Asker: 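My questions will all concern the structure given below.
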Amino acid sequence: MNIQQIRQDTPLHERYAYLDTAAASAPPRQVIEAMTDYLRKTTELGPYLPSFRRETYARVDAIREEAARYIGAGANEIAFVKNGTEAINFVASGLTWSEGDEVIIADLEFHSNFVPWLRLEREGKIKLKVLKTDRSGVISPAALEELITPRTKLISVSHLPNASGALQPIKAICEMAKRHGVLTLVNASQSLGMVPIDVKKVKCDFLAACGRKGLRGPEGSGILFIRSEWIESITPALIGWGGTSWDFDTNEYSFLPIAKRVEAGCPIVPSILGLGAALEYASAIGVEAIYERVRKLTAYAVGQMEKIPGMVIYGPERLEDRLALIPFNVKGLSPDRITQYLEENGIIIESGTFMANTMLQQYGINKMARVSLHYFNTEEEIDKTVQLILDLLQKEGQQ
C-alpha cells in the first residue's frame, strides 16, 4: 500500500488531518473526476446523444457487476440506492408481513436501522424485539438466538455501528439465523470498503450500504444486495420506468426478476459513476490490506489515547472487537470544545450523540467525541491529535 500516493490522491491532506470517516470519508480525486467528466460531457454532448447514452448505461451495468464481485454476489442481486437508509427501507417495506411476525434488532442500532421497524410495529405489521446489549456493544449470537421464536422472520444488524466501533460477528449471527429459518439484513454502511465482505460466506439474505463512508464513494450512492432466492419476495416501494415492465395494450405490469426491480426512474448517473471509481480504487489497494492497516491504526490510536489523563474510551474493551471508531470523553473538557480546538489546529473529528441513546445511557453521558480512522490516516496524525488534546487539557482542563 503506497500511503504517499494515496494521500496525494486526496488533496485535503495538504490542509488537515481527516479523522471523521464514520460520518463520511474523503473521496479520492479519481472518484470526483469520474463524476465531473460525465457532467462535463453532458454539457458538451447533451445527456441523450445516443452513442453517449449507450456508453453511459453500459458503464452503469459494468459498475453493477463490479459491486457484485466486490461482495461475492451476482449482478442480478445488486440494486443501486441513494444511501443505506433507502436500502433498509426497501427491504422493510418490500417484504410481505403477516400479523405476529417478529423482527429482532439490537438496542444500539442507528436511527435508520431502528425507525423503519418501529413504524412497521406501530402499523401492526410486526412485533419488534430489541436485544439489550452490554457496555461493550458487541452482540452475542447466543443472546440473539434466545429471542427467536417460530414467528421470528428477520434479524437486522449493523456490521460496524456508527458510535461504538464494535465490529459485530455477522457471519456467526447469519449462520445462526439460517439454522432457524430466519432472514438476515446486514447494514454494512460503515464497513463496506473497510472490511472484507463475502455474502456467500456471511450467508446474509440482504445487505445495505452507502458508498460515502468506508468505500470513499460520493454522497448519494449505495448498494442493496438481495439474495436471488428472495428477489421475487420484495415488492418495490417505488414503481415506474427502470424497474417495472408495462404492457400498454393490456395495462398489465410486472417487476423485473432481478434486484434492479427496486430502482425506479432515471438512475443518479454521476453518483453511480463515482461509486464505480471508488470500487476500482479500493479493489486496486485490496480490502484485506485496507482492513489490516485500519486494524493496526485502531490499536495504535487506542494505545496513545489511553495515555491522556482523564481519558474514557467507550465501547469494546478488547481491541479485537473494535475497528476504526473510537468514541471518548476527557474529564475536564467538553467534547464540543475538543472538536473545536482540533479543527482550529488542522484535525477533523466529530462530537455529538451519534443517535447512540442506549450507549449514552449505559455510560451516563449526554455527548461524546469520536475519532474515526481509515487507511489513509497515519500514526503521526494520531500523535498530533493526542498532543493537542493534552495541550488543551493543560490550558483548560483544570479550570
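If you're wondering where the values come from, they're calculated on a predicted model, not measured in any experiment. Heavy atoms only: backbone and side chains are in, while hydrogens, waters and symmetry mates are out.
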Asker: For atom CD of Glu344, decide whether the heavy atoms of other residues, nucleotides or ligands shown that lie under 6.0 angstrom number more than 12.
Answerer: yes

Asker: Hey, is Lys127 close enough to Asp101 for a salt bridge, meaning N to O under 4.0 Å?
Answerer: no

Asker: Only counting residues at least two apart or in another chain, list the ones meeting side chain to side chain contact (heavy atoms under 4.5 Å, CB included) with Glu44.
Answerer: Arg40

Asker: After noting the C-alpha distance and the side-chain angles of Glu317 and Arg135, does the key distance pass the salt bridge (charged side-chain N to carboxylate O under 4.0 Å, His left out) rule?
Answerer: CA-CA 9 Å; Glu317 293 182 1; Arg135 284 158 60 116; over 6 Å; no

Asker: Please list all pairs meeting ring pair (Phe, Tyr, Trp, His ring centres under 6.0 Å) that have one or both residues in residues 48-107, counting only residues at least two apart or in different chains.
Answerer: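 For residues 48-107: Tyr38-Phe52.
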
Asker: Donor-acceptor pair, distance only, cut-off 3.5 Å: does the side chain of Ser334 make one with the backbone of Arg337?
Answerer: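 Side chain of Ser334 to backbone of Arg337: a pair is present.
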
Asker: State which residues pass ring-ring contact (aromatic ring centres under 6.0 Å, His included) with Tyr363; sequence neighbours excluded, sorted by chain then number.
Answerer: Tyr314

Asker: Minimum heavy-atom separation for Leu256 and Thr244, please, with both atom names.
Answerer: CG-N, 4.4 Å

Asker: Can a donor-acceptor pair be found between the side chains of Arg216 and Thr10 at a distance below 3.5 Å?
Answerer: yes

Asker: Parallel, tilted or perpendicular: which one describes the rings of Phe255 and Tyr253, with boundaries at 30° and 60°?
Answerer: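 It falls in the perpendicular class, over 60°.
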
Asker: In terms of side-chain heavy atoms, does Asp383 have a donor or acceptor partner in Gln387 at a distance below 3.5 Å?
Answerer: no

Asker: Do Ser221 and Ser271 have a side chain donor and acceptor closer than 3.5 Å?
Answerer: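 There is no such pair (donor and acceptor under 3.5 Å, judged by atom type) between the side chains of Ser221 and Ser271.
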
Asker: With the side chain counted from C-beta on, respond yes when Leu154 and Thr184 share a heavy-atom pair under 4.5 Å apart, and no when they do not.
Answerer: no

Asker: Locate the shortest heavy-atom distance separating Ala163 from Leu325; write the atom from each residue and the value.
Answerer: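 It is N-CD2, 4.0 Å.
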
Asker: Would you please indicate yes or no on a ring centroid separation below 6.0 angstrom for His13 and Phe376?
Answerer: yes

Asker: Once you measure the plane-to-plane angle for Trp246 and Phe248, does it fall in the parallel (<30°), tilted (30-60°) or perpendicular (>60°) bin?
Answerer: perpendicular

Asker: Check Arg64 with Glu263, please: is the shortest side-chain N to carboxylate O separation under 4.0 Å?
Answerer: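 A salt bridge links Glu263 with Arg64.
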
Asker: Is it the case that one hydrophobic cluster holds both Leu342 and Leu297, taking links as side-chain heavy atoms less than 4.5 Å apart, direct or via other members?
Answerer: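 Same cluster: Leu342 reaches Leu297 through Ile, Leu, Val, Met, Phe, Trp or Tyr contacts under 4.5 Å.
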
Asker: Side chains of Gln304 and Lys307 only: does a donor on one sit below 3.5 Å from an acceptor on the other?
Answerer: yes

Asker: Just jot down the ring-ring contact (aromatic ring centres under 6.0 Å, His included) partners of His159, sequence neighbours excluded, or say none.
Answerer: none

Asker: Minimum heavy-atom separation for Ile32 and Pro27, please, with both atom names.
Answerer: CD1-CG, 3.9 Å

Asker: Locate the shortest heavy-atom distance separating Ala23 from Glu350; write the atom from each residue and the value.
Answerer: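 Looking at all heavy atoms of both residues, the shortest contact is CB-OE1, 3.2 Å.
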
Asker: Any ring pair (Phe, Tyr, Trp, His ring centres under 6.0 Å) pairs touching residues 275-301, not counting sequence neighbours?
Answerer: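 Passing the test, one end in residues 275-301: no pairs.
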
Asker: What do you reckon, is CZ of Arg7 surrounded by more than 12 foreign heavy atoms closer than 6.0 Å?
Answerer: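 Yes, enclosed.
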
Asker: Charged N to carboxylate O below 4.0 Å: is that the case for Arg29 and Asp9?
Answerer: yes

Asker: Which other residues end up in the same hydrophobic cluster as Val115, if Ile, Leu, Val, Met, Phe, Trp and Tyr are linked when side-chain heavy atoms come under 4.5 Å apart?
Answerer: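 Under the 4.5 Å side-chain rule, Val115 groups with nothing.
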
